[in-house]
Structures are given as C-alpha cells and as structure tokens.
Amino acid sequence: MTVPVLYLLDASSYIHRAFHAIRGLSTSDGVPTGAVYGFTQMLLKVIKDAAPQYLAVVYDAKGPTFRHDMYPAYKANRPPLDPGLKVQLPLVRQMVTALELPAVEMEGYEADDLMASLAAQAREQGFQVVLVSGDKDLFQLADEGVTIWDTMKELKLGPREVAEKLGVAPEQVVDYMALTGDSSDNVPGVPGVGPKTAAKLIAEHGSLDKVLDAAADMKKSKLRENLLEHRGQALLSRRLVRLAQDAPVRFEPTVFKMRKPDPAVLTPVLARLEFSKLMNEFAAPAAAEEATYGRISDPAKLEAFLQAAKKRGRLSVDTETTSLDVMKAELVGVSLCHEAGKAVYVPVGHQLKKGQSQADRRAALQVLAPYLADAGLPKIGQNLKYDLSVLKRAGLVVNGVAFDTMVASYLINPGRASHGLTAIAAEFLGRSMISYEEATGGKNLSFALADLDKATDYAAEDADVALQAAEKMEPMLQEAGLERLFQELEMPLVPLLSKLEMTGVALDVDQLNELSKELGARLDEIEIRCYRLAGHQFNLNSPQQLGKVLFEELGLSQIKKTKKKTAYSTDMSVLTLLAEEHPLPAGVLEYRSLAKLKGTYVDTLPTLVNPETGRVHTSFNQTVTATGRLSSSDPNLQNIPIRSDLGERIRACFIPEPGRLMVSADYSQVELRVLAHLSGDPLLVRDMTSGLDVHTQTASRLFDTPPEKVSKEQRARAKTVNFGVLYGMSAFRLAREQKIELAEAQAIIERYLGRYQGIAAFQQKNLSQARELGYVTTLLGRRRFLPAINYRDRQAREAAERMALNTPIQGTAADIIKLAMLKVDEMLAKEFPEALMILQVHDELVFETPEGQVEKFAKRVRKVMEGVLELKVPLKVDVGWGRNWSEAH
DNA sequence: CGTCGGTCGTAC
DNA sequence: GACGTACGACCGACGT
C-alpha cells in the first residue's frame with residue numbers, strides 16, 4: 001500500500017508573492033484581484049501537478065503571536081499592509097472556501113507553526129508530508145518524511161537538499177538562523193555573521209550552544225567580540241525561529257481529505273472576480289435529469305400561458321434557431337417565461353423522434369402573434385435584436401420591447417469582457433447554465449436535431465434567466481442613474497437596429513468584380529517588381545519575411561522594433577522612411593494598400609451578399625465598445641475606405657435600389673462641438689458658434705497670428721492639436737507627429753491649455769472624477785469604469801487617464817447620434833415612409849430614398865439631426881446625395 | 001487541421 | 001516607452 005501524502009500550503013507566502021508578481025489586475029469595476037488570481041492559479045497548479053488526496057491551506061493568525069510576547073520588536077520592520085492587498089485577503093479566504101479546501105488558522109500562531117505541528121502529527125499517523133511554501137523557516141522541518149516544495153522556483157527540498165543549500169543539516173537550521181538572523185522578520189541574529197560564517201561555525205562546532213561556548217577562544221577578534229556580546233540575542237533568535245510543534249491543532253485525515261468543488265458555490269465567486277478563464281474550467285457538469293421546465297405543444301395551452309403573462313404584465317422571450325446568422329436562421333422553437341423558475345418551451349421546428357410531439361407551427365405562431373405585437377405587454381429577453389429579426393422573418397412583429405439583459409449589463413458596466421447570458425447568470429444570479437453543446441450533444445449541431453428534453457431545459461432556462469436577471473438589474477440601473485438612458489435611448493434602439501440590419505445595403509457586384517480583376521493585375525506587377533528588388537521571391541504578406549529581406553539582406557536602417565520587441569517593425573511609418581534609402585519599401589507600401597483593399601473589401605463583400613435579399617446585412621453591435629459607440633461586423637461597414645481614390649471607387653459600389661438615391665448626413669466636427677459644450681470653454685464655444693473655421697482660430701491663438709494670416713501649415717498643425725486634445729494626446733506623440741522637438745510640443749500643449757482654460761478645467765474635472773469615483777460619464781449619464789487610473793503601473797495609469805479624457809467626448813457624441821437615429825426614424829415613419837435608414841458610421845447616417853423627394857428629405861433629416869439636443873453650441877449636419885455612397889458625400 | 005496571439009491597416 | 005474607439009486579414013506558432 002502506498003503511503004498517504006499530506007500537502008500543507010502556506011497561504012501568506014503565496015499571497016504576498018502573487019500580489020507583487022501580478023500588478024494591475026482588477027475587476028472591471030475596480031476591485032484589485034491580482035493576489036487572489038495568482039494565489040488561485042498557484043493553488044490549482046499544486047492540485048493539478050500533485051493531485052493531492054490530503055491537503056490544507058494554512059493561514060497566519062490575524063493578530064500578534066507568541067513570538068511578539070517573547071520579543072515585542074518581532075516583525076516590527078514590516079511596512080503596513082498595502083491596502084490593495086488588504087482588500088484581497090477576505091477574497092482569498094472566499095476562494096479557498098469555494099474550492100472546498102480544508103483551511104487551518106489559529107490565534108497566536110503563524111502558519112509555519114501550524115504546519116510544523118500538523119506535520120508532526122501526520123508523520124505519527126504514517127503520512128508523508130509536503131510543505132508547500134517559499135519560506136526558508138520551514139527548512140528546519142525537512143526529514144525523510146517531510147519535504148518542502150517551492151512551486152514558484154520549482155524546487156523540492158528534502159534533508160539532503162537543505163543541507164546542500166545551507167551547508168547545515170535540517171536539525172541545525174534553527175541554530176544557523178539564530179546566528180544569521182532574519183531581516184524580513186526582524187530577528188536580530190549576531191551582527192557580522194552571514195550565511196557563510198554561520199554555516200562554517202555550525203559545521204565546525206555542531207550546534208549554537210557549542211559555538212557560543214567556544215566563542216571566547218576564537219581567533220578572529222571581531223567575530224569573537226560579536227559572539228560574546230550578542231550571546232543573549234542569538235539565544236533569543238533561536239527561540240524566535242524555532243517553529244512550535246505543539247500548537248493545539250489536530251490532524252484528522254478525514255477533515256483534510258480533498259473534495260471536489262461544487263460549481264454552484266464556485267461559479268458566483270469566480271464571476272464576481274471576473275476570472276472567466278477559470279469559470280470555463282469549472283463549468284457545471286450536465287444537469288442531465290428529466291426536464292425541469294415545461295413544454296407546450298397545444299395551442300390552447302399556449303394561449304392560457306400567454307394570458308397569464310398578460311395578466312402578470314411581462315413576458316420573457318427567447319427563440320431557438322438553426323443559425324447564429326439572423327438572415328439565415330430558421331425558427332426552431334420559442335421559450336417564454338413570466339414567473340421566475342416557470343419557463344416553458346414551445347418547439348415548432350424540431351425533427352421529432354417517435355412518440356414526441358410539437359406544436360403545429362402555424363397554429364402556435366398564430367396564437368403567439370397578438371401577444372408579441374401587443375405594445376402593452378412588456379417584453380424581456382437577452383439580445384432581443386436577434387429574436388426580433390428571427391421572428392420578423394417568421395412573420396411575427398414584436399412590440400413593447402422593454403428590457404434587454406445584454407443591453408442592461410452593458411450599461412451597468414460596458415467594460416465587462418462578456419455580456420453573454422452565461423456571464424450574466426453567473427454575475428447577477430450566481431448560477432451556471434446548461435451549455436449549448438450539452439443541449440445539442442455537439443458543438444455545431446443544429447438545434448433542430450437536439451433531444452427535445454434537453455432542448456426544453458436549455459431553451460426555457462434562457463427565458464427564465466433573462467427574466468430573473470432583469471429583476472436584479474432594474475434596481476441597479478436606477479441606482480446608477482442609467483434608467484432614462486436605458487429606457488429612452490438604448491432600448492428603443494434595439495428594434496431600430498434590427499430593422500437597420502434587415503434592410504441591408506445593395507452592392508454593385510459587377511463593378512466590384514471588375515475592380516478585383518484590375519487590382520489583381522496591378523498586384524501581380526508590383527509583386528514581380530518587389531521580388532526583383534529583393535533578389536528573390538518571398539511572401540509579401542509576411543511582415544516577418546519582409547523584415548528579414550529589408551534589414552538583414554538589404555541592410556536598411558532598423559528604425560523600430562515591434563511591440564513585443566520580437567521582430568523589426570515594418571509598418572507604414574517605417575516603410576515610408578525607408579523609401580528614401582531603397583525602392584523596395586515603396587513597392588511594399590503600394591502592394592499593401594492595394595492588397596488590403598482587395599482582400600478586405602473588393603473580394604470579400606460580394607461573397608457576403610445574401611442570396612434571398614440580394615443585399616449585405618451587417619451586424620450592428622450595441623454592447624461592444626467601451627464608450628457607447630455602436631460597432632459593425634460581418635462585415636464591418638464602418639471602416640469602408642474613403643480617403644484614397646481606390647477607396648472612393650469601393651464606396652461607389654454601395655448603391656440604392658433603382659429609382660432611388662443614396663443620402664448621407666453627417667455631423668460636422670461633432671466631437672469638438674461636444675468638447676465645447678461639456679467644457680463650456682468660452683473661446684471654443686464662440687468659435688463653434690460663429691461659423692468661422694475652428695482650426696484657423698486655434699492656429700491664430702497658438703501662433704499669435706491674426707486669423708487671416710494663418711498659413712496652411714499652421715492650420716494643419718492646429719488641427720492635429722485639436723484632434724490630440726480629444727484623445728488626451730501626449731507631448732511625445734505630438735512631437736513625433738509634427739516632427740518637432742519634444743520641448744516645443746510641450747510648449748504648444750501648455751499654450752493651448754493656457755488659452756483654452758475651460759478645456760484644461762474640464763480635463764482636470766474628468767481626471768479627478770475618475771480617480772475618486774472610479775468612472776467617467778457622458779452627457780446622458782453613460783458610465784465607463786477605469787480601475788487602472790489609480791494603478792502604480794505608469795503606463796497603465798496614463799492610458800486610463802487618456803481614456804478618462806476621451807470617453808466623455810466620444811461617448812457623448814455616441815449618445816447624440818443614437819438619439820438622432822431614433823428621432824430620424826420617427827420622422828421617416830411619419831413623413832417619408834418609403835425612405836430607408838441603411839447605415840450608421842459613428843457621425844454619419846446613410847439612407848436611400850426615392851429620387852423625387854430627395855431635397856425635401858435632406859432638409860428634414862438635417863433639421864431633425866441638428867435639433868436632437870440643445871447644446872451650448874449648435875450641432876451642424878452636412879447632407880449630400882447621389883447615385884452611390886461615394887457621390888452622397 | 002483548428003486556435004490564437006501578433007502585426008498591420010481601414011474607419012470615425 | 002504609442003493620442004481615443006472599433007473589426008478583420010494574414011501569418012505563424014502551438015496544440016490536437
């Protein structure tokens with residue numbers, strides 16, 4: 001039979017090391033978590049590597065110990081506990097508890113003493129003991145049954161290794177340390193005696209007592225005096241470093257037996273700490289019992305359920321489909337819930353097995369339709385935009401879209417890594433959920449093929465969790481002052497975005513294909529030219545290979561390294577500089593710009609045209625950006641080129657239906673106007689109101705030149721400064737951008753903030769708010785947490801400062817255009833029912849409208865957009881139109 | 001053969 | 001050692 005092994009883990013040793021090793025980790029709302037994370041990782045590593053059967057985490061006593069009675073100055077040199085660490089200590093205990101690990105602590109004793117005492121008892125009961133710690137105090141315990149494992153240094157120390165390391169046997173370690181002392185614990189030892197001398201003395205005489213007895217006869221006068229004079233101090237030191245093996249703890253194998261953590265307990269702790277990676281590892285196993293939720297296949301029963309929902313005044317809705325792509329997804333089932341824990345699933349498109357039944361699709365949808373369309377029945381759900389689109393395609397209109405948990409989670413904390421329902425369930429309800437894989441029995445299997453019982457549990461749970469999460473979130477939105485933003489802006493946007501996505505935009509595919517051929521030919525030429533210049537073929541798309549050619553073979557000047565310093569940078573700025581030395585970089589630049597546009601847009605866009613609608617349907621994501629902007633993906637239509645000629649030709653491929661025109665309306669200088677409003681700076685407000693050119697005015701003030709005498713170059717410089725202010729620019733960057741000395745750049749920024757004192761004050765206000773409250777806000781109260789703003793890590797802190805300066809501006813601009821989308825949509829419904837909103841590109845809205853009404857349409861759109869909010873400066877909108885998106889600009 | 005981090009480049 | 005916010009193509013290392 002194998003000998004059982006007990007692992008005793010020194011918590012403090014690892015907490016401190018983790019705290020210092022991992023700086024700058026915190027939850028997205030600002031609770032530091034580096035020490036907990038590091039500690040947990042280390043703990044899991046021990047569990048994984050050693051697979052211990054018996055283990056305990058051992059803590060130091062919170063208050064003084066018996067050593068303080070012996071020696072009041074014990075550990076007196078320790079600086080006070082860092083507050084960032086102090087707040088994590090209870091979190092570590094929570095984590096250990098949640099992992100269901102046995103823990104030991106005792107008033108008056110340090111962890112080392114408890115470990116020594118437990119080890120002694122475990123040895124008597126026939127256990128081997130491993131002391132998991134980095135603390136050398138424990139070396140004294142090493143013997144044939146006790147080893148010390150320092151996981152950080154990957155060291156396992158038995159008596160032999162201790163003897164090798166210190167030069168004395170484990171039982172001599174206390175005597176040795178009595179001579180050397182321990183500066184971290186303020187144990188004095190004997191002055192002038194370090195590790196070398198101590199080891200030599202102990203080896204020669206055998207013990208401390210014998211060393212002290214022999215002191216008087218020693219030859220080295222300094223050593224002799226020190227030993228004689230500090231004899232008492234040495235004896236005291238030995239008492240301090242000797243671990244108590246008689247602490248009143250009891251080793252009971254059953255108590256120290258490892259258990260498996262319960263996901264239901266662990267999940268909420270991991271969620272609160274935002275340890276999402278660990279959360280995946282500990283995901284709850286399948287709850288593969290019989291269905292706990294109900295299933296409805298009888299239309300009459302569905303009717304009754306919906307009547308109850310109507311009476312209760314709310315309905316949580318979730319759809320199951322065959323695809324994540326809404327424009328391809330077919331409805332498979334609908335889950336509904338109006339009372340926590342009592343959701344139902346209505347399958348309408350499953351492939352059934354023998355003996356199973358589902359609702360007749362048409363009958364079920366017919367019953368559902370009036371309830372979904374009932375604006376007086378508030379709808380709740382997760383990512384309702386998706387369900388709205390799916391249901392719309394199934395012929396069902398949804399009104400009364402009241403509470404989207406994904407959107408609510410985003411407003412409560414836009415910085416969270418995920419606003420998925422699983423994350424929300426963990427964070428707000430402390431529960432885990434059935435995974436899609438479990439429900440369908442595979443990763444990418446269609447939901448229509450899923451086992452009906454599993455599908456029911458999975459689907460119904462979504463509706464149930466959304467309902468319950470919404471109840472939790474509602475008061476949190478109130479508390480944070482986000483209620484109006486949620487109710488009046490973000491929620492009304494949900495159906496509008498659904499509509500926008502479903503509308504899509506038409507492409508001139510023939511033109512794109514033509515462009516592709518032309519670009520292909522030009523790329524071939526450039527490629528050949530580049531190979532000739534390099535002397536051989538290589539992959540022009542590989543920065544790594546290019547770096548080798550440029551810097552190793554051709555010997556061009558190395559200008560900068562990449563972020564990770566692993567390679568030479570070959571980005572645009574570098575190649576532009578190198579173009580003066582050699583013709584190859586210019587060729588690569590040309591290749592890159594063409595290849596980029598060809599690969600990303602010209603060749604890709606046509607493949608994304610939906611065969612049913614003949615149009616491209618992007619996703620407008622409402623819960624992605626940290627500032628409140630929308631983002632666009634699959635494809636991203638918010639970064640279609642505009643600056644180059646080729647970009648214009650790509651934009652020209654975005655076209656309206658025949659007989660209609662493309663209309664583009666964009667806010668002019670919206671961020672500067674927002675800055676003027678938020679800061680109230682008198683000069684900027686005056687400039688933005690007067691209609692004069694704002695960059696010329698800035699140049700005039702920066703360079704002490706009358707506006708009419710401002711040169712083109714001065715205006716351009718002022719423009720970059722104005723932009724820089726919006727982004728929280730550093731002097732360093734400005735100097736590089738404008739190719740001027742750092743000192744000059746500093747002077748320009750100082751002069752700017754001196755002239756625009758309202759802006760300087762606004763910046764200070766944002767910084768202090770972020771430091772004190774931990775977040776910044778936009779005009780409509782949108783929040784962004786910036787935990788890093790109080791970090792010691794300078795780079796992280798300064799990045800957070802720039803975010804604190806930029807976010808209120810960018811976020812307010814986002815608030816404004818979202819408001820504009822809603823107001824324009826209302827206006828369109830009343831006045832231009834044939835017009836369609838097509839795209840939003842941050843400060844621009846794109847429409848298509850019948851040719852005949854375009855001028856009147858443009859006028860009305862401008863009026864509505866300019867009037868969405870009354871600011872200290874007017875909002876200005878430019879409207880253009882044409883036969884394609886390019887012409888509309 | 002798929003995943004994922006790094007690099008680069010487009011937009012506002 | 002980077003002025004803010006995104007998305008995505010491509011490469012190449014890494015793990016299965």
Side-chain angles (χ1 to χ4, degrees), chain A residues 414-415 443-444 538-547 560-575 588-589 591-605 608 618-621 623-644 646-647 650-651 666-672 675 720-738 742 745 749 763 766 776 784 786 793-796 798-811 813-814 817 839-844:
Chain A
K443 205 162 171 56
N444 292 314
F538 64 101
N539 186 348
L540 272 169
N541 291 314
S542 162
Q544 203 182 73
Q545 293 183 30
L546 176 64
K560 65 172 177 182
K561 292 285 182 86
T562 55
K563 265 195 189 125
K564 291 274 162 190
K565 298 177 191 173
T566 48
Y568 315 111
S569 171
T570 66
D571 69 16
M572 217 162 43
S573 66
V574 171
L575 295 183
V588 175
L589 280 172
Y591 178 88
R592 275 204 189 148
S593 75
L594 297 188
K596 168 82 177 176
L597 298 184
K598 182 170 186 283
T600 312
Y601 308 106
V602 179
D603 291 347
T604 313
L605 287 172
L608 298 167
T618 181
S619 294
F620 283 107
N621 316 303
T623 60
V624 169
T625 71
T627 57
R629 277 184 175 180
L630 297 179
S631 83
S632 155
S633 58
D634 311 298
N636 180 1
L637 294 185
Q638 292 180 322
N639 69 346
I640 301 297
I642 190 169
R643 282 161 205 179
S644 62
L646 181 54
I650 295 172
R651 281 202 176 217
D666 67 281
Y667 280 108
S668 167
Q669 292 166 328
V670 64
E671 294 196 343
L672 275 178
L675 175 61
T720 57
V721 177
N722 274 331
F723 270 101
V725 169
L726 299 175
Y727 298 148
M729 170 178 49
S730 67
F732 182 91
R733 174 71 186 248
L734 183 67
R736 207 186 57 188
E737 198 102 324
Q738 304 206 347
L742 187 62
I749 291 173
Q763 295 195 334
N766 281 324
V776 289
R784 180 183 187 182
L786 295 168
D793 174 350
R794 189 173 121 183
Q795 203 182 331
E798 288 179 344
E801 287 169 357
R802 292 189 293 272
M803 294 172 199
L805 300 182
N806 173 262
T807 299
I809 302 170
Q810 189 181 121
I817 190 135
L839 296 173
Q840 188 256 46
V841 192
H842 308 312
D843 64 357
E844 175 188 10

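These numbers were taken from a predicted model, which means no experiment stands behind them. Protein chains get the first letters and strands the later ones, always in sequence-line order, with residue 1 at the start of each.
Per the geometry, CZ belonging to A/Arg736 stands 11 Å off C1' belonging to C/dG1, to the nearest Å. Rounded to a whole Å, the CG atom of A/Leu594 is 10 Å from the P atom of B/dT10. One atom, CD of A/Glu798, and another, P of C/dC3, lie 9 Å apart when rounded to the nearest Å. Look at CG on A/Asp571: it is 11 Å from P on B/dT7, rounded to the nearest Å. Atom-to-atom, CG of A/Leu742 to P of C/dA2 comes out at 12 Å; the value is rounded to the nearest Å. One atom, CD1 of A/Ile817, and another, C1' of B/dA11, lie 14 Å apart when rounded to the nearest Å. At whole-Å resolution of the value, CG in A/Leu589 and P in B/dC8 are 12 Å apart. Here B/dG9 presents its P atom at 18 Å from CD1 of A/Ile640, a figure rounded to the nearest Å.
Distance check: A/Met803 CE to A/Thr627 OG1 gives 11.0 Å after rounding to the nearest 0.5 Å. With rounding to the nearest 0.5 angstrom, the CD atom of A/Glu801 is 10.0 Å from the CZ atom of A/Arg794. To the nearest 0.5 Å, atoms CD1 (A/Ile809) and CG (A/Asn766) are separated by 7.5 Å. To the nearest 0.5 angstrom, A/Arg629 atom CZ is 14.0 Å from A/Asn621 atom CG.
Note on A/Leu637: nothing from the nucleic acid sits closer than 4.0 angstrom, heavy atoms only. Counting any heavy atom pair closer than 4.0 Å across all strands shown, A/Ile642 reaches sugar-phosphate atoms only and no base atom.
Applying the 4.0 Å criterion to OP1 and OP2 of B/dA11, one finds that A/Arg643 has a side-chain N or O inside that range.
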Dot-bracket assigned to DNA chain C with the 3.5 Å Watson-Crick/G-U criterion, [ ] for crossing and | for other-strand pairs, is ...||||||||||||.
What does the B/S/- profile of nucleotides 4-14 of chain C look like, 5' to 3', with a 4.0 Å heavy-atom cutoff to protein?
BBSBBSSSS--
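A/Thr618 and A/Ser632 are linked by a side-chain donor-acceptor pair at a separation below 3.5 angstrom, with hydrogens and angles left out of the test. The closest side-chain donor-acceptor pair between A/Ser631 and A/Gln638, if any, does not fall under 3.5 angstrom.
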Might you work through the side chain to side chain contact (heavy atoms under 4.5 Å, CB included) test for A/Arg592 and A/Leu575, ending with a clear yes or no?
CA-CA 11 Å; A/Arg592 275 204 189 148; A/Leu575 295 183; 3.6 Å; yes
With side chain to side chain contact (heavy atoms under 4.5 Å, CB included) as the test, would you mind laying out the steps for A/Val725 and A/Gln763 before giving the verdict?
CA-CA 9 Å; A/Val725 169; A/Gln763 295 195 334; 3.9 Å; yes
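In this model, no side-chain donor or acceptor of A/Glu844 finds a partner on the base of B/dC12 within 3.5 Å.
Applying the salt bridge (charged side-chain N to carboxylate O under 4.0 Å, His left out) rule to A/Arg643 yields no partners; only residues at least two apart in sequence or on another chain are considered.
Rounded to whole Å, the P atom of B/dG6 lies 14 Å from the corresponding atom of C/dG1.
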